[in-house]
Amino acid sequence: LGLSTVYGFVKQSRGAVAIESAPGVGTTISLYLPRPWGEPDAADAHPAAADGIPQGLRVLMVEDDAEVRSVAEQFLATLGCEVTACASAEQALLLLAPGAAFQ
């Protein structure tokens, strides 16, 4: 997605976007989205790893580019995440039924 599309989605969701960039280091874009009402705090459910990512974190990743999806999935798996990868938003929405265990 283009950055303007991401920004529009985040604002529509009443969230925020933070962009940090440093020469020679790279750019980090963080998306902050509100937690659905009634959801337990994920930090209480899993002890945090040294880098702040809970071991076994269930991640639903959506990426239409197969190469990017594969690299991102491998990266998340090395961080200890349980990754479910989808090639489209439509595919992901089918997995987001009430009670889905993604964090």
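Note that the coordinates shown come from a computational prediction; the quantities given were computed from them, not determined experimentally.
Cluster annotation: Y32 is not connected to F9 through the hydrophobic network of ILVMFWY side chains, with a link wherever side-chain heavy atoms come within less than 4.5 Å. Residues L93 and V62 fall into different hydrophobic clusters, defined by Ile, Leu, Val, Met, Phe, Trp and Tyr side chains chained together at heavy-atom separations under 4.5 Å. With hydrophobic clusters built from ILVMFWY side chains whose heavy atoms lie under 4.5 angstrom apart, V68 does not share a cluster with V83.
Here the straight-line distance linking atom CE of M61 with atom SG of C86 works out to 8.5 Å at 0.5 Å rounding. The CD atom of Q91 sits 9.0 Å away from the CG atom of L60 when rounded to the nearest 0.5 Å. Between atom CD of residue Q74 and atom CZ of residue R69 there is a gap of 12.0 Å, rounded to the nearest 0.5 Å. Distance check, rounded to the nearest 0.5 Å: CZ of R14 to CG of L33 gives 13.0 Å. Summarising the geometry, atom CD belonging to E73 is positioned 8.0 Å from atom OG1 belonging to T84; distances are rounded to the nearest 0.5 Å.
In this structure, A89 has no side-chain contact (heavy atoms from CB on, under 4.5 Å) partners at least two apart in sequence or on a different chain. In this structure, V71 has no side-chain contact (heavy atoms from CB on, under 4.5 Å) partners at least two apart in sequence or on a different chain. Legend: residues meeting side-chain hydrogen bond (donor to acceptor under 3.5 Å, both in side chains) with E67, ordered by chain and number and at least two apart, are absent. In this structure, S13 has no side-chain hydrogen bond (donor to acceptor under 3.5 Å, both in side chains) partners at least two apart in sequence or on a different chain. Shown here are the side-chain contact (heavy atoms from CB on, under 4.5 Å) partners of A77, two or more places apart in sequence or in another chain: there are none.
Taking every heavy atom of both residues into account, A16 and V10 meet most closely at N-CG1, 3.1 Å.
Note on residues 15-30: pairs passing side chain to side chain donor-acceptor pair (under 3.5 Å), not counting sequence neighbours, are S21-T27.
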